[in-house]
Peer 1: 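Pasting in a structure now, in structure tokens, and then I'll have a few things to ask.
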Amino acid sequence: MAQFQTLPGFREFYPEETARRNHLFRLWRQAAVAANFLEYDGPVLEPLELYKAKSGEEIEQQLFSFEDKGGRAVSLRPEMTPTLCRMVGERAGAMRRPIKWFNIGEHYRYERAQKGRLRAFFQFNADLLGEAGPEAEVELIALLISCIAATGLTERDFFIRLSDRNLWFFYLQAIGYTEAQVPDVLGTIDRLEKQGDDAFKFFEEKHGPLAPEKRAEIASFTKINSLAALEERLAPVTAAGGAAAEALAARLADWRTLLGGLEAMGYGAFIQVDLGVVRGLAYYTGFVFEAFDRSGEFRAIAGGGRYNNLVKKLGGPDLPAAGFAIGDVVITEMLKSKNLLPEIVSAPDIFCIIGGPAERKVALADIRELRAAGYRVEYPLKDAGFGKQFKQADQNRARLAIIYGGDELARGAVKMKLLADATEREIRRDHLLQAVGELLGKE
RNA sequence: GCGGCCAUAGCUCAGUUGGUUAGAGCACAAGAUUGUGGAUCUUGGGGUCGCGGGUUCAAAUCCCGUUGGCCGCCCCA
């Protein structure tokens with residue numbers, strides 16, 4: 001039995017789990033369609049180069065990559081974004097803006113499996129391309145929140161941490177950091193939460209020591225947690241004038257648009273300004289956001305941001321873009337811990353109870369009709385006593401039993417019994433579909 | 001890639017200082033019940049004790065290795 005185990009980090013989905021997964025996907029799909037995002041799909045296997053081009057050579061050790069029989073270097077997809085960028089890039093010239101697309105698919109990463117992180121997982125991806133303004137982020141973050149809220153989680157359970165790599169960029173330049181230093185300051189900030197003061201070594205190893213007041217200046221900026229605090233902090237900087245100050249002032253206007261839009265949609269309670277978030281790999285170019293549970297018990301539920309350079313980098317036109325992904329693993333763990341996993345009943349509408357071999361022939365003919373009419377119909381494959389068959393009908397949680405007994409059939413009739421209240425009536429077989437429709441309600 | 005804990009039936013778990021043929025509950029199946037129900041009772045199927053090696057007269061139990069799981073570090077697109 002244990003001779004063949006599943007590969008590490010891969011899951012099997014038994015029917016109950018598959019039903020739950022499909023339910024989650026259905027909620028996500030409904031939310032995306034309601035926001036008029038279009039569903040697309042792409043290959044599971046891609047040229048290895050596609051991912052190296054996006055993320056660099058080092059990414060290969062985290063990929064399910066191999067050489068195919070034609071000698072091509074290939075990889076299972078670790079994410080959807082490069083495929084999306086290629087697809088949109090190919091036809092961007094012919095596409096109406098904004099481009100709003102989503103996908104639900106399985107992704108593969110060769111990493112050590114842990115709580116909330118597996119080697120094969122499903123992701124909901126949504127992206128909005130062709131709009132550079134913060135109105136795009138309003139759409140995306142609104143969709144993100146509605147996708148998570150559709151599962152039953154509320155603003156008491158999760159929130160969105162919102163930050164902005166552009167703001168950091170303009171701010172750091174305004175207070176004197178060079179363009180070359182900025183990425184390493186951002187790298188430091190990303191480490192600050194976990195490593196504390198040690199995080200500054202990341203910057204200092206390349207650019208020399210930072211005075212304590214410089215450290216404090218950065219650290220305190222990561223603590224900004226509201227638009228008001230941000231405006232207050234930046235007031236003296238923007239007042240000083242210059243290119244960086246002007247860029248900062250324009251960026252503050254974007255912030256007002258974004259937060260105002262989300263507020264107007266009623267999502268204000270979900271948003272937490274948190275400039276300590278800059279997100280790992282550095283292709284994000286503007287707003288970045290992550291969804292977390294409020295208890296802090298789980299990994300990030302979802303993450304995303306703006307990536308204006310990526311479509312061009314992957315060979316397409318210069319197209320502004322932003323997007324996010326929600327994984328299935330963390331949110332499922334969270335729903336489980338909060339008892340929000342739905343009990344999905346998978347039951348037939350009708351269970352046929354069959355008297356014997358002669359009655360079976362009649363029943364089989366009707367079963368075909370009922371199934372063709374869209375009913376979900378089950379029956380015992382082997383002859384058995386009536387008591388046993390009713391038991392099976394119960395265990396199947398069927399709503400209606402149709403009884404094929406010799407006496408009734410001799411009269412050209414069958415009996416129907418609603419299992420819930422045990423009411424029984426005899427129906428002429430030539431009125432079968434009509435009677436079933438009345439008893440079960442029209443499909 | 002590194003470290004800690006764990007692995008007995010489909011599931012949850014017992015299994016004494018190493019000692020005959022490894023158990024329970026749930027689940028599954030058959031019967032009680034040959035035309036009427038999720039109950040009850042009886043019975044049954046199901047195990048390479050993760051896998052491989054070692055110690056021993058004797059290993060689920062002790063030792064080594066290995067695979068897998070969980071947890072943490074690195075990473076997290």
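In what follows, every chain begins at residue 1, and chains take the letters A, B, ... in the order their sequences are listed.
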Peer 1: As a test of reading the structure: which of rA39(B), rC75(B), rU36(B) is closest to the side chain of Glu424(A), going by heavy atoms?
Peer 2: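 Looking only at side-chain atoms, Glu424(A) lies closest to rU36(B).
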Peer 1: Any strand counts, and the cut-off is 3.5 Å on both contacts for Watson-Crick or G-U wobble. Which nucleotide pairs with rA29(B)?
Peer 2: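 Per the H-bond distance test, rU43(B).
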Peer 1: Check every strand shown and say whether Gly385(A) touches a base, only sugar-phosphate, or nothing at a heavy-atom separation below 4.0 Å.
Peer 2: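 Nothing, no heavy atom under 4.0 Å.
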Peer 1: What is the distance from atom CZ of Arg161(A) to atom CD of Gln272(A), rounded to the nearest 0.5 Å?
Peer 2: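 Answer rounded to 0.5 Å: 9.0 Å.
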Peer 1: Distance between the P atoms of rU16(B) and rU8(B), in whole angstroms?
Peer 2: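 Taking atom P in both rU16(B) and rU8(B), they lie 15 Å apart.
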Peer 1: Using a distance-only test with no angle check, is there a side-chain donor-acceptor pair under 3.5 angstrom linking Thr81(A) and Arg86(A)?
Peer 2: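 The answer is no; no qualifying pair exists.
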Peer 1: Any strand counts, and the cut-off is 3.5 Å on both contacts for Watson-Crick or G-U wobble. Which nucleotide pairs with rC2(B)?
Peer 2: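 WC or wobble partner is rG72(B).
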Peer 1: Are any of Lys388(A)'s side-chain N or O atoms less than 4.0 Å away from OP1 or OP2 of rG35(B)?
Peer 2: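 So the side-chain polar atoms of Lys388(A) never come under 4.0 Å of the phosphate oxygens OP1 or OP2 of rG35(B).
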Peer 1: Using the C1' atoms only, state how far rG45(B) lies from rG31(B), rounded to an integer number of Å.
Peer 2: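 Their C1' atoms lie roughly 14 Å apart.
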Peer 1: What's the CD1-C1' distance between Ile354(A) and rU34(B), to the nearest Å?
Peer 2: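 Rounded to the whole Å, the gap is 16 Å.
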Peer 1: Quick check on RNA chain B: between Lys415(A) and Arg117(A), whose nearest nucleotide comes earlier from the 5' end?
Peer 2: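 Residue closer to the 5' terminus by nearest nucleotide: Lys415(A).
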Peer 1: Minimum heavy-atom separation for Ser163(A) to Leu275(A), with atom names?
Peer 2: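 Nearest heavy atoms, Ser163(A) then Leu275(A): OG-CA, 3.5 Å.
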Peer 1: Which distance, rounded to the nearest 0.5 Å, do you find between the CG of Leu128(A) and the CD of Glu137(A)?
Peer 2: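 Between Leu128(A) CG and Glu137(A) CD, I get 8.5 Å after rounding to 0.5 Å.
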Peer 1: Picking from rG35(B), rU36(B), rU40(B), which would you name as closest to the side chain of Glu408(A)?
Peer 2: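 Output: rG35(B).
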Peer 1: Counting distance alone, no hydrogens or angles: does the base of rG38(B) have a donor or acceptor under 3.5 Å from a partner atom on the side chain of Asp394(A)?
Peer 2: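 No, no donor-acceptor pair under 3.5 Å.
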Peer 1: Tell me what Ile353(A) touches on the nucleic acid: a base, only sugar-phosphate, or nothing, going by heavy atoms under 4.0 Å.
Peer 2: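 It contacts nothing in the nucleic acid.
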Peer 1: Heavy atoms under 4.0 Å is the rule here; annotate nucleotides 65-71 of chain B 5' to 3' with B where the base is hit, S where only the sugar-phosphate is, and - elsewhere.
Peer 2: --SSS-S
Peer 1: Does Arg165(A) count as lying over the ring of Phe170(A), i.e. NZ or CZ under 6.0 Å from the six-ring centre, within 45 degrees of the axis?
Peer 2: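 Geometry flag: not set, cation outside 6.0 Å or 45°.
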Peer 1: Using heavy atoms to find the nearest nucleotide of RNA chain B for Ala422(A) and Gln62(A) separately, return the residue whose nucleotide is more 5′.
Peer 2: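 Result: Ala422(A).
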Peer 1: Send over the distance from Lys54(A) NZ to rC76(B) C1', rounded to a whole Å.
Peer 2: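 After rounding, the reported distance stands at 11 Å.
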Peer 1: Compute whether any side-chain donor of one residue and acceptor of the other, for Tyr51(A) and Glu49(A), lie under 3.5 angstrom apart.
Peer 2: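 Result is no, nothing qualifies.
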Peer 1: Verify the stacking flag for Phe390(A) against rU36(B): centroid separation must be under 5.5 angstrom and the ring planes must differ by under 30 degrees.
Peer 2: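 Phe390(A) ring centre within cut-off of rU36(B) base, planes near parallel; stacks.
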Peer 1: Tell me: NZ of Lys391(A) to P of rG31(B), nearest whole Å?
Peer 2: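 In whole Å, rG31(B) P and Lys391(A) NZ are 10 Å from each other.
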Peer 1: Starting at atom CD of Gln61(A), determine the distance to atom C1' of rC2(B), rounded to an integer number of angstrom.
Peer 2: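 Those two atoms, CD and C1', are 14 Å apart.
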Peer 1: May I have the distance from Gln395(A) (atom CD) to rC28(B) (atom C1'), rounded to whole angstrom?
Peer 2: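 Answer to the nearest Å: 10 Å.
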Peer 1: Using a cut-off of 4.0 Å on non-hydrogen atoms, how would the nucleic acid contact of Gly303(A) be classed: base, sugar-phosphate, or nothing?
Peer 2: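 Here Gly303(A) touches no strand at all.
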Peer 1: Hey, are the side chains of Trp28(A) and Ile331(A) touching, using non-hydrogen atoms and a 4.5 Å cut-off?
Peer 2: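 In short, these two side chains touch, coming nearer than 4.5 Å.
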Peer 1: Ignoring hydrogens and geometry beyond distance, is a side-chain donor-acceptor pair present between Gln123(A) and Asn125(A) at under 3.5 Å?
Peer 2: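 Yes, a side-chain donor-acceptor pair sits under 3.5 Å.
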Peer 1: Which one, rU36(B), rC75(B), rU40(B), comes nearest to the side chain of Glu111(A)?
Peer 2: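 Between rU36(B), rC75(B), rU40(B), the one nearest the side chain of Glu111(A) would be rC75(B).
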Peer 1: Hey, mind stepping through Thr83(A) and Glu46(A) against side chain to side chain donor-acceptor pair (under 3.5 Å) and telling me if it holds?
Peer 2: CA-CA 8 Å; Thr83(A) 301; Glu46(A) 289 276 20; 2.8 Å; yes
Peer 1: In whole Å, what separates the C1' atom of rC2(B) from that of rU61(B)?
Peer 2: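 The same atom, C1', in both gives a distance of 31 Å.
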Peer 1: Considering Watson-Crick and G-U wobble pairs with both distances under 3.5 Å, what does rC49(B) pair with?
Peer 2: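 When the pairing criteria are applied, nothing turns out to pair with rC49(B), so the answer is none.
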Peer 1: Give a yes or no on whether a donor-acceptor pair under 3.5 Å exists between the nucleobase atoms of rC76(B), that is its base, and the side chain of Arg299(A).
Peer 2: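 Yes, the side chain and the base share a sub-3.5 Å donor-acceptor pair.
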Peer 1: Using atom P of each nucleotide, how far apart are rG52(B) and rA9(B) to the nearest Å?
Peer 2: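 Between the two P atoms, the distance is 16 Å.
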Peer 1: If rA9(B) has a Watson-Crick or G-U wobble mate with both distances under 3.5 Å, name it; if not, just say none.
Peer 2: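 WC or wobble partner does not exist here.
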Peer 1: Rounded to the nearest 0.5 Å, what separates atom CZ in Phe169(A) from atom OH in Tyr177(A)?
Peer 2: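 So the CZ of Phe169(A) and the OH of Tyr177(A) are separated by 14.0 Å.
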Peer 1: Work out how far the P atom of rG35(B) is from that of rA27(B), and round it to whole angstrom.
Peer 2: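 The answer is 28 Å between these two P atoms.
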Peer 1: For Arg191(A) and rC76(B), what is the distance between atoms CZ and P respectively, to the nearest whole Å?
Peer 2: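 These atoms are roughly 7 Å apart.
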Peer 1: For rA22(B), give the paired nucleotide (Watson-Crick: N1-N3 plus N6-O4 or O6-N4; G-U: N1-O2 and O6-N3; both under 3.5 Å), or none.
Peer 2: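 Matched rA22(B) with nothing under the 3.5 Å cut-off.
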Peer 1: Taking the P atom in each of rG19(B) and rG1(B), what is the distance between them to the nearest angstrom?
Peer 2: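 These two P atoms come out 39 Å apart once rounded.
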Peer 1: Given atom CZ of Phe351(A) and atom P of rU36(B), what is their separation to the nearest angstrom?
Peer 2: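 It works out to 16 Å between those atoms.
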Peer 1: Report the distance from atom CZ of Arg119(A) to atom P of rC75(B), rounded to the nearest whole Å.
Peer 2: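 Spelled out: CZ on Arg119(A) to P on rC75(B) is 18 Å.
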Peer 1: Taking the same atom, C1', in rC63(B) and in rA59(B), what whole-Å distance lies between them?
Peer 2: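 After rounding to an integer number of Å, I get 11 Å for this pair.
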Peer 1: Roughly how far apart, to the nearest Å, are rG50(B) and rU40(B) at atom C1'?
Peer 2: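 These two C1' atoms come out 38 Å apart once rounded.
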